[in-house]
Each structure stands twice: as structure tokens, then as C-alpha cells.
Undergrad: 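Before I ask anything, let me first share the structure, which is written out below as C-alpha cells.
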Amino acid sequence: MVCNRRANDDLPSVFEDGDIILGGIFTVHLDANPDIPSFTTTPTGTDCESFHLSNFRLMQTMIFAIDEINRSKTLLPNTTLGYKIYDDCSSSAIASKAALALVNGEQELIEYPECKGSSNVAAIIGCDISTSSIAAARAVGSFGIPMVSYFSTCSCLSDKQEYPTFFRTIPSDDYQSKLLAVLVKTFGWNWIGTIRSNTDYGNFGMRAFIEEAQKFGVCIAYSELFYRTDPADKVTKIVRVIKQATTKVLVGFLHPGEMRILLKEFLRQNVSGIQWIGSEGWVTEDLLPPEERAKFLVGTIGLATRRTEIDGLRDYLLKIHPSRFPDSFFVNKFWEAAFTCSLKADNVTEQTPSAFQMQQCTGKEQLDEIKNAYLPAIMDGSSYHVYKAVYAVAHALDDMLSCEEGYGPFMNNTCAHISNFEPWQLLHYLHSVNFTDRTGEVVYFDANGDPVPTYEVINLQMTLKGTVEIVNVGYYDGTAPLGQELALNVGDIVWSTVDNQIPPALCSEPCPPGTRKVSRKGQPICCFDCAECADGEISNITGMYKRGAEYDVIVSP
Ligand SMILES: *[C@@H]1O[C@H](CO)[C@@H](O)[C@H](O)[C@H]1NC(C)=O
Ligand SMILES: *[C@@H]1O[C@H](CO)[C@@H](O)[C@H](O)[C@H]1NC(C)=O
Ligand SMILES: *[C@@H]1O[C@H](CO)[C@@H](O)[C@H](O)[C@H]1NC(C)=O
Ligand SMILES: *[C@@H]1O[C@H](CO)[C@@H](O)[C@H](O)[C@H]1NC(C)=O
């Protein structure tokens with residue numbers, strides 16, 4: 001029988017049938033046309049712009065993982081997984097509609113109950129940015145459909161009252177924010193600037209960072225925010241503030257989209273010498289051409305999720321070619337974006353004038369000859385997070401399979417059946433998943449659906465060839481005993497300063513012996529003057545304050 005699939009698939013999607021279908025939501029294009037988030041117009045394929053090569057890799061990683069599980073004789077034997085994947089074009093409105101489209105199979109179910117397995121997804125792998133996950137998790141939460149995100153880090157998503165079915169394989173920013181504050185304290189800074197993306201990611205992440213930093217007595221010299229669609233003069237003003245500030249240390253909680261815009265303005269105003277402390281959102285991204293990266297970003301310290309190579313993934317990615325997937329909208333777009341050429345068959349849909357001047361793709365282009373975000377020399381953590389997300393769902397399904405009737409976890413010790421289960425039953429298994437993946441990492445979720453946090457502390461350093469390299473200078477392991485989670489090699493760090501010394505970032509120099517701190521009215525506690533001690537008082541320690549005075553809260557630097 002032919003199952004009638006949903007008719008309103010207006011957005012580009014890829015589908016492969018199976019006994020159980022996993023939904024996927026990825027951000028393959030970065031810009032959605034403002035008027036498309038309707039599911040009512042005919043698809044033209046030109047609606048979303050800015051094809052993102054590394055996000056396309058993430059989408060392919062999901063397919064790779066499903067392929068691998070399908071071939072496995074031990075994981076889900078005799079059950080094939082299929083997929084239905086949407087591109088949300090970086091729009092939270094599209095993300096929530098795509099999520100609804102993935103769970104919505106009711107119409108067909110009434111007419112063709114046999115079709116249930118193939119029209120409803122068991123779980124959704126996604127979304128990309130937090131704002132999209134928030135929208136999608138709200139949309140599908142009431143259906144009980146599990147979502148496992150590979151990229152959304154907003155701590156807000158740990159709230160299980162709000163997002164009961166949300167899981168993720170990337171750690172919550174809660175840890176990241178705390179860790180960035182610990183780094184600032186460790187380097188002895190108390191006078192820093194902050195900048196963030198005006199998004200859930202930036203706002204929640206920065207708020208937690210500032211809270212944490214203030215506990216360490218760190219003061220915020222300035223705090224700026226913007227979003228990529230803000231008028232250009234806003235960014236101009238922000239960079240002027242950064243340029244004129246009395247601190248060179250700048251903590252940035254940003255998406256690559258905003259960081260790219262900001263750096264463009266840095267270049268224009270020629271602001272160098274900033275000591276960046278960066279969130280995992282942008283520090284490992286290739287945001288500038290090599291020479292400019294060297295000038296503006298060397299010395300950057302930041303956090304990155306663990307970079308892991310997955311055996312076989314690189315070969316799989318190299319084999320993707322339009323001739324193997326002639327009908328695939330995404331593969332064709334990918335080829336054109338990777339080689340800046342135009343595939344003949346696509347000239348119907350491509351309406352931008354510049355495309356007509358673009359040369360034709362020959363089909364003989366070689367993926368292994370280009371160096372770009374699709375296949376970086378060292379894979380960042382994102383592919384691995386997608387891979388883990390797919391495996392977590394597969395293991396949950398597999399655990400469901402191994403249930404023994406009479407000993408099951410559900411009412412009257414019953415089991416769920418893989419051919420016909422309720423979403424909340426899979427949710428139950430996902431909560432208790434616990435396995436060691438192929439890279440040797442143990443995967444499980446805490447009560448909030450969060451993974452154990454692990455990070456690399458990275459530093460952007462100049463190589464002898466003049467290129468900038470990401471160097472690992474520390475490691476954070478959430479499973480280590482209390483107090484031993486963070487290991488840092490401060491001596492290995494290259495700083496942004498000309499003499500390669502830790503740049504000072506203090507509002508006031510500590511008061512020398514014989515003097516004490518006097519706070520300045522209306523200024524942060526890190527800014528003070530030093531006054532001679534009065535008769536009968538002594539201070540023989542640097543950074544001494546007067547006992548019992550109102551400004552005693554100062555933490556001595
Ligand atoms: C899953 O496995 C089946 C049978 O081996 C295969 O036909 C199908 O193409 C596979 N699907 C994916 C997504 O790998
Ligand atoms: C695409 O372009 C080729 C030549 O560049 C042309 O021959 C062909 O007719 C075009 N296809 C369509 C559908 O317009
Ligand atoms: C996961 O399984 C291992 C081995 O069976 C066990 O030692 C560990 O405590 C489990 N972890 C959790 C969080 O359940
Ligand atoms: C400061 O003076 C006190 C009291 O005389 C003394 O006990 C302490 O060791 C001195 N500290 C330093 C750093 O000299």
C-alpha cells in the first residue's frame with residue numbers, strides 16, 4: 001500500500017523510509033526569507049540563503065549514524081531506522097513548524113492505521129541554536145515526542161517544567177559560564193568588558209557568567225549586546241566603546257554570525273590588542289582570513305566541546321557527490337556552495353543574477369582538494385554531538401526491545417513494543433540510557449536531560465608559518481572528583497600582548513603597604529583610590545582595606 005505522506009512539506013527535506021523514523025532539524029541555510037515561514041506556498045527552493053557547509057556536514061552525520069546503526073548486528077537488529085530531516089534556515093518559526101510537521105501524522109493515521117510507523121517520527125534530533133530548540137520543544141512538548149539537540153546550550157532548556165521532552169548531547173551553558181568566570185579569576189582580572197549576541201544563547205549565557213564573575217569580585221567595565229540584523233551604526237558604536245575602554249580583556253558570548261559582523265568592524269576601526277575570552281559558539285570557527293586572524297584573534301582563550309574524530313565519517317562525507325544523489329536538493333546546493341559553481345539542472349531554481357555569471361560545475365571537482373568548513377582538518381565537536389544524539393535514541397529503542405514481559409517498567413510490569421509504542425515510553429528509556437560509544441565515551445543524561453559536561457580550554461596561537469592554530473591548554477571533566485575538574489596549563493598560553501605577558505585588567509592597581517583602599521563614589525568596587533593610613537593604623541600588605549569600613553567587600557587582588 002502507498003502511504004500518503006503529509007502534503008505540506010513546503011520546506012526542503014530529505015526522507016528515507018524505515019521501520020522507525022527519526023526526525024531531524026538542521027540549519028543548513030543561515031538566512032530565511034522573512035516571508036516564508038508559511039507552509040502554504042509552493043516550494044521553489046530559493047527561499048533560504050547562505051548555505052552553511054559545516055551544518056550540512058551535521059545533517060550528513062545524522063544519516064551516517066543511521067546508516068551505521070542499520071548495518072549493526074547488535075544494536076537494533078531486525079529493525080531499520082529511517083529519517084525525515086528538515087532545514088530550519090536558522091528561523092525559530094520554521095523550526096517549530098518543522099517539528100510539528102514531524103510529529104503530525106494524524107490525518108493519515110485515521111485512513112491508514114498501518115502507516116503509523118512511517119508517518120510519525122519516534123524522536124527528533126535537533127535543533128541547532130537554542131532559540132530554535134525553545135520554539136520547537138514548546139511546539140512538540142505536549143505530544144511527548146523526545147527531542148535531542150546537538151547544539152543548543154541555553155541553560156534555560158534544562159527546565160523540565162517548560163521543556164519536558166528536551167534532551168541534549170552538548171553541555172548546558174551553565175557550566176560554560178561558570179568556567180569562563182573561573183578563568184577570569186585565575187588570570188587575576190577584575191576589570192573586564194563583555195559582549196554578547198542578543199539571543200537566548202548570549203543573554204542567558206552572559207547573565208550566568210556575570211553572576212558568577214561578580215561572586216569572585218570581578219567588575220564589569222562595560223556590557224554590550226547586539227543582533228546580526230541590528231543597524232550597522234550600533235556595531236560601530238559598540239566597537240568605539242571597546243576601543244576606548246580602560247580594559248583590554250573582553251569576554252564574548254556570541255554566535256559566529258554576530259562575531260563575524262563585530263570583527264569586520266574591528267578591522268574597519270583597526271582595533272587590535274584585545275584579549276578575547278570566548279564562548280564555545282565562536283572560538284573554534286574560521287571567522288577571518290589567516291592574516292587578519294593572526295592580527296585580531298591571536299591570544300584568544302576559550303572553551304570548546306571535545307573534538308572527536310568518528311571513524312568512517314570522513315570517508316562517508318568524501319563520497320557525497322551530485323551524481324549519487326541527482327535529485328537531492330541539499331546535495332546539489334552543497335556542491336554549488338563548496339565549489340562556487342552552478343549545476344546545470346539547478347538553473348531553474350536559481351534566480352539570483354549573480355548565479356548566471358557563475359561558472360558551471362563540471363562534476364569532476366574533488367572534495368578532498370578543498371579545505372573548508374565541510375571537512376576541516378580537525379573535526380569540531382558538533383558532528384560528534386549529532387552522532388551521540390542518534391545513538392542515544394537508538395540505544396533507548398534497543399533497551400525497549402530487550403524488555404521482558406512481566407518485568408517491564410510500565411503499568412502492571414508491561415513492556416512497550418517497538419512496532420507500536422507511545423512517545424512517553426521512549427522518553428522513559430531515553431532518561432535511563434547509559435552506554436559507551438565507539439569513541440569510548442560514556443553517554444547518559446541527568447534528570448534534566450543534560451549530559452556530563454566536558455570542555456577543552458583552547459588558545460589561538462600563531463604558528464611559524466604565520467597561520468593561526470587552535471591549541472589545547474586545558475581540560476574540564478565534569479566526571480572528575482570535586483575540585484579536580486579543571487586542569488589548566490597557564491604556561492602554555494600565548495597572550496594577546498606584544499611581550500606575551502598576561503595583560504593586566506584591573507580598574508585600580510592594588511594599594512601599596514602603608515595605604516588603604518578608598519572607594520570612589522558611584523564607581524564599581526574594583527575602582528578605588530589609595531589613601532595614607534591614619535595615625536595608629538598600619539597596613540603592611542598589598543591590597544589592604546580598612547577593617548569594618550563599607551568597602552570591605554573588596555576581594556584583595
Ligand atoms: C537502513 O537499512 C536498510 C536495510 O539495510 C537500507 O535499505 C536503508 O537504505 C538503510 N537506511 C539508511 C538511512 O541507512
Ligand atoms: C539550464 O542551462 C542550460 C545551459 O546553461 C540550458 O541548456 C538549459 O535549458 C537550462 N535548463 C532549464 C531548465 O532552463
Ligand atoms: C552507567 O553504567 C555503568 C556501568 O554499568 C555504571 O557504572 C554507571 O554508574 C552508570 N551510570 C549512570 C549515571 O547510571
Ligand atoms: C604585617 O604585620 C603583622 C603585624 O605586625 C605581622 O604579623 C604580619 O606578619 C605582617 N605581614 C607582612 C606580609 O609583612
Side-chain angles (χ1 to χ4, degrees), residues 22 65 68-69 72-77 79 81 122-125 133 137 144 146-176 178-179 303 305-306 308 310-311 381 384-404 406-411 413-416 418 421-456 475-487:
L22 300 191
E68 207 175 70
I69 294 162
S72 164
K73 301 235 163 31
T74 50
L75 188 62
L76 291 177
T79 304
L81 293 180
I124 295 172
I125 307 299
S133 282
M147 270 181 71
V148 190
S149 171
Y150 45 83
F151 201 77
S152 299
T153 55
C154 183
S155 56
C156 55
L157 286 159
S158 297
D159 182 346
K160 289 306 101 164
Q161 301 272 311
E162 285 275 335
Y163 311 102
T165 67
F166 183 82
F167 294 75
R168 55 183 150 198
T169 50
I170 188 166
S172 156
D173 283 337
D174 218 21
Y175 301 99
Q176 168 165 214
K178 283 184 186 153
L179 211 47
L303 298 177
T305 51
R306 208 182 109 195
T308 310
I310 304 160
D311 275 352
Y384 180 49
H385 292 131
V386 172
Y387 185 78
K388 261 201 286 200
V390 175
Y391 267 85
V393 174
H395 275 274
L397 288 165
D398 194 62
D399 291 346
M400 186 188 284
L401 265 181
S402 57
C403 176
E404 229 178 292
Y407 299 92
F410 305 117
M411 182 135 33
N413 300 328
T414 54
C415 291
I418 201 146
F421 59 88
E422 297 295 328
W424 54 267
Q425 293 179 311
L426 180 58
L427 205 57
H428 164 88
Y429 282 104
L430 206 47
H431 269 294
S432 54
V433 117
N434 178 0
F435 63 97
T436 306
D437 71 16
R438 249 185 346 125
T439 74
E441 195 163 303
V442 180
V443 181
Y444 59 83
F445 301 102
D446 70 10
N448 294 329
D450 284 322
V452 186
T454 54
Y455 291 100
E456 287 175 0
Y475 191 73
Y476 177 87
D477 178 3
T479 60
L482 209 66
Q484 293 169 30
E485 297 98 330
L486 179 65

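Small disclaimer: the values here were computed from a predicted structure and weren't measured. In each ligand, atom 1 is the first atom listed, and ligand 1 is the first ligand listed.
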Undergrad: Atoms of ligand 3 less than 4.0 Å from Tyr444 heavy atoms?
TA: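 By the 4.0 Å cutoff, the relevant atoms are 13 (C).
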Undergrad: Where is the nearest protein heavy atom to atom 1 (C) of ligand 3: which residue, which atom, and how far?
TA: Asn434 ND2, 1.4 Å
Undergrad: Does Arg438 use its side chain to pair, donor to acceptor, with the backbone of Ile310 at less than 3.5 Å?
TA: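 Answer holds: no.
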Undergrad: Could you walk me through whether Tyr455 and Leu486 pass the side-chain contact (heavy atoms from CB on, under 4.5 Å) test, one step at a time?
TA: CA-CA 9 Å; Tyr455 291 100; Leu486 179 65; over 6 Å; no
Undergrad: Would you give the length of the straight line joining atom CZ of Phe435 to atom NZ of Lys388, rounded to the nearest 0.5 angstrom?
TA: 8.5 Å
Undergrad: Would you say atom 5 (O) of ligand 3 has a protein heavy atom nearer than 4.0 Å?
TA: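 Under 4.0 Å from atom 5 (O) of ligand 3, zero protein heavy atoms found.
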Undergrad: Flag the pair Asp174 / Asp450 as yes when at least one side-chain heavy-atom distance between them is below 4.5 Å, and no otherwise.
TA: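 When only atoms from C-beta onward are counted, Asp450 and Asp174 do not touch, as no gap falls below 4.5 Å.
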